[in-house]
Structures are given as structure tokens and as C-alpha cells.
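Notes follow the structure.
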Amino acid sequence: MRLGLIADKITNRYATKIIAVSKIVENILVSEENVPRTKVRVIYNGIALNEFVNRIDAFNTTDGSRLNPARTIQIGVIARLTELKGIEYTATAFVKFLSIFPNSHLSIVGAKSDSFNEVSRILLSVPESSYGFVEFNTDIPKFLDSLDMLVHVPIAVDIESFGLVYMEALAFGVPSIFTLSGILREIPQIEKYAQIVPYRDSEAIYLAMINFANNSMTQLESFPSQLMSQFGIEEMADLYFDEIYSSLSPY
């Protein structure tokens, strides 16, 4: 979209200040769009932290350590159905996982896009009752609370400019399987809080699912509140107001 690129260049040139929602966006602005670093300020996207109270309790299991294969395991995806989000790799992993845990269910929340047909094709090999598509969900905390695990696996480091799904899942405490993209690159020791898998790797996603299923379905560690606090919506709003007020002329 050449007109969009031209508009970007004009905007970047004449803007006095540009907000980047993550350091990845900042780096793209500076290194690829030649924006002076002095123009760019990083302000993270925010979430309503009071709606995402960390769930640290283990799920009930039959023997305290391994999950009963007869139990229904709810697996969720929140992403637009485009190839960039890697949902086809999750679908492939789920088909294999279903052969071990046949009562499992995959719920995909997101608008249909270029990978919808491919994801649908992959899931044709399993019963229709074992998966479902929903284009939009107005209550993400409630949806996360219904899950035993969440999978969010964009296919490259810069696919997510931020990645609200990451932070919502970490804030809520749902066991999560992630690839590293967007804001997740800035979280220290992220492997302590989620299963990290390589890009475009359905086998690694499958093994991470099995690992959660065989270890009582708990988040690895509760995400520290002092780290999460910087992603609150109030913190974001305060920083935006600070930028606005600092730009106002006293005259």
C-alpha cells in the first residue's frame, strides 16, 4: 500500500512526538523508517488489571499429578485467523493432542481471515464437537477463566506490535503456550511464566500441551505483580497525559 507508506513518511517527518507501544515498534520506527530516536517515546498498551486477577490454583486431577484422559480439557486461542498468527500450527497440535485426550475442546476466538480455510481443513479430521469458532468475545476474562490452557503463537518476532493477549493471559494466570513476539521479548525470564515454543512448530506446541496436561495444568509461576503493574490501563493513561501536558506551551 504505497499511499500508506507515503502517509507514514509524511507523518513521521512532521510529528513532534511519536508513541511506540513496545521497543519493537520503536526499533522499526528508528531503523526502518528513519525516525529520529528523540521523537519516539515508548508507552506500553494497558489492560484493566482489576479484571484479570491471577488464578494460581491447580486444576483438580484424579491422582494429584496426572490428568484423567476422560476429563474435558479446554484449550483456547484468541487471534485473528490469519497466517501470521500461526493458528494452523495450533490446530495441527490439537489434532494430535485429541488422540491422547479425546474429550478436549479447542475454542478459537477471532475474525476470519486468510488462514480460516486452512485451519478448518486441518480440523476436518476430528469431530466437529471438539472445536468451535467465535469471531468476537466481549468478556475475555470470563473466556480465560473457562480455559485449561491458552495458545498464542505468532510466526515471527515482529508480528505483534504489542500483544495484549500475552499480558491478559499472564495477568489472569491461565497456563499458556507462547512464541516470542511483541512485548514478550521485553519480559525478563518469560520462560518462568509460560511455555515458550519455536515459531511454526506444531510438534513443540503439542509437547507443551502434553506437559501442561501431565503436570496438573498450573501456570509455571505466578507473574509478579510489580512487573504487571506497568501494564495497567491507569498507568498507560497517566503516561499519555504526561506526554500531552509536557507538549503544551505555557503561552
Side-chain angles (χ1 to χ4, degrees), residues 47-62 66-81 85-98 100-111 119 122-123 126-154 160 163-179 181 184 190 192-197 202 204-223 228 231:
I47 62 175
L49 293 177
N50 62 310
E51 296 181 11
F52 295 89
V53 179
N54 196 281
R55 183 186 68 186
I56 59 174
D57 57 303
F59 290 84
N60 293 325
T61 60
T62 55
R66 297 183 67 84
L67 201 65
N68 183 348
R71 182 189 185 282
T72 299
I73 300 175
Q74 299 289 346
I75 302 171
V77 171
I78 305 173
R80 185 164 51 94
L81 280 138
K85 300 293 187 177
I87 301 173
E88 59 266 44
Y89 302 100
T90 299
T92 300
F94 174 73
V95 169
K96 189 172 181 179
F97 183 82
L98 199 66
I100 308 298
F101 296 96
N103 290 331
S104 301
H105 187 271
L106 176 65
S107 299
I108 301 174
V109 176
V119 172
I122 293 167
L123 293 174
V126 300
E128 285 188 24
S129 60
S130 65
Y131 63 92
F133 296 96
V134 177
E135 292 209 26
F136 187 69
N137 188 310
T138 59
D139 194 339
I140 293 301
K142 184 177 180 180
F143 176 66
L144 292 176
D145 195 36
S146 73
L147 300 179
D148 294 323
M149 65 180 88
L150 178 90
V151 185
H152 190 61
V153 287
E160 298 287 2
L164 280 173
V165 173
Y166 290 137
M167 301 317 302
E168 289 172 342
L170 289 169
F172 197 83
V174 62
S176 299
I177 300 165
F178 294 149
T179 53
S181 187
L184 222 59
I190 184 59
K192 293 170 61 176
Y193 314 113
Q195 290 272 357
I196 305 302
V197 296
S202 58
I205 297 169
Y206 162 73
L207 292 174
M209 289 177 174
I210 291 293
N211 184 55
F212 273 135
N214 287 339
N215 289 281
S216 301
M217 310 290 277
T218 57
Q219 187 183 29
L220 300 180
E221 288 188 23
S222 180
F223 196 80
M228 186 56 70
F231 301 107

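Keep in mind the model is a prediction, meaning the values are calculated, not measured.
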(request) Check the pair T90 / M209 against side-chain contact (heavy atoms from CB on, under 4.5 Å), numbers first and verdict last. (result) CA-CA 10 Å; T90 299; M209 289 177 174; 4.3 Å; yes
Locate the shortest heavy-atom distance separating [X] from [Y]; write the atom from each residue and the value.
| X | Y | result |
| --- | --- | --- |
| F52 | L144 | CE2-CD1, 3.9 Å |
| R80 | A111 | CG-O, 3.5 Å |
| S146 | Q74 | O-CB, 3.4 Å |
| T179 | P154 | OG1-O, 2.7 Å |
| L81 | G110 | CD1-O, 3.8 Å |
| A213 | I73 | CB-CD1, 4.3 Å |

(request) In sequence, state the C-alpha distance, the side-chain angles, and the governing distance for F212 and D148, and then conclude on side-chain contact (heavy atoms from CB on, under 4.5 Å). (result) CA-CA 9 Å; F212 273 135; D148 294 323; over 6 Å; no
Less than 4.5 Å apart, side chain to side chain, heavy atoms only: is that true for [X] and [Y]?
| X | Y | result |
| --- | --- | --- |
| Y206 | V95 | no |
| F101 | I210 | yes |
| F178 | V153 | no |
| I177 | H152 | no |
| M149 | L147 | no |
| V119 | I108 | yes |
| F223 | K192 | no |
| N211 | Q195 | yes |

(message) List the residues meeting salt bridge (Lys or Arg N to Asp or Glu O under 4.0 Å) with E168, not counting sequence neighbours, and say none if there are none.
(response) none
(request) Start with the C-alpha distance between S181 and Y166, add both sets of side-chain angles, then the distance that settles side-chain contact (heavy atoms from CB on, under 4.5 Å), and finish with yes or no. (result) CA-CA 9 Å; S181 187; Y166 290 137; 3.5 Å; yes
With sequence neighbours left out, what residues match [X] under ring pair (Phe, Tyr, Trp, His ring centres under 6.0 Å)?
| X | answer |
| --- | --- |
| F231 | Y44 |
| Y89 | none |
| F94 | none |

(request) Could you go through the side-chain contact (heavy atoms from CB on, under 4.5 Å) check for L98 and S130 one step at a time? (result) CA-CA 9 Å; L98 199 66; S130 65; 3.7 Å; yes
(message) Taking side-chain contact (heavy atoms from CB on, under 4.5 Å) as the definition, give me every residue that meets it alongside N137, ordered by chain and number, with sequence neighbours left out.
(response)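 Partners of N137 by the side-chain contact (heavy atoms from CB on, under 4.5 Å) criterion, ordered by chain and then number, come out as V109, D139, I140, F143.
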(message) T92: which residues meet the side-chain contact (heavy atoms from CB on, under 4.5 Å) condition with it, sequence neighbours left out?
(response)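 Result, side-chain contact (heavy atoms from CB on, under 4.5 Å) vs T92: I122, S202.
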(message) Assess whether a salt bridge exists between E51 and K142, defined as any Lys/Arg side-chain N lying under 4.0 Å from an Asp/Glu carboxylate O.
(response) no
(message) Please determine whether ring pair (Phe, Tyr, Trp, His ring centres under 6.0 Å) holds for the pair Y131 and H105, giving the CA-CA distance in whole Å, both sets of side-chain angles, and the decisive distance to 0.1 Å.
(response) CA-CA 5 Å; Y131 63 92; H105 187 271; 7.8 Å; no
(request) Among L170, I75, V77, V165, find the residue that satisfies the side chain to side chain contact (heavy atoms under 4.5 Å, CB included) test when tested with L150. (result) V165
(message) Main chain of P102, side chain of S104: is a donor-acceptor contact present, judged purely on distance under 3.5 Å?
(response) no
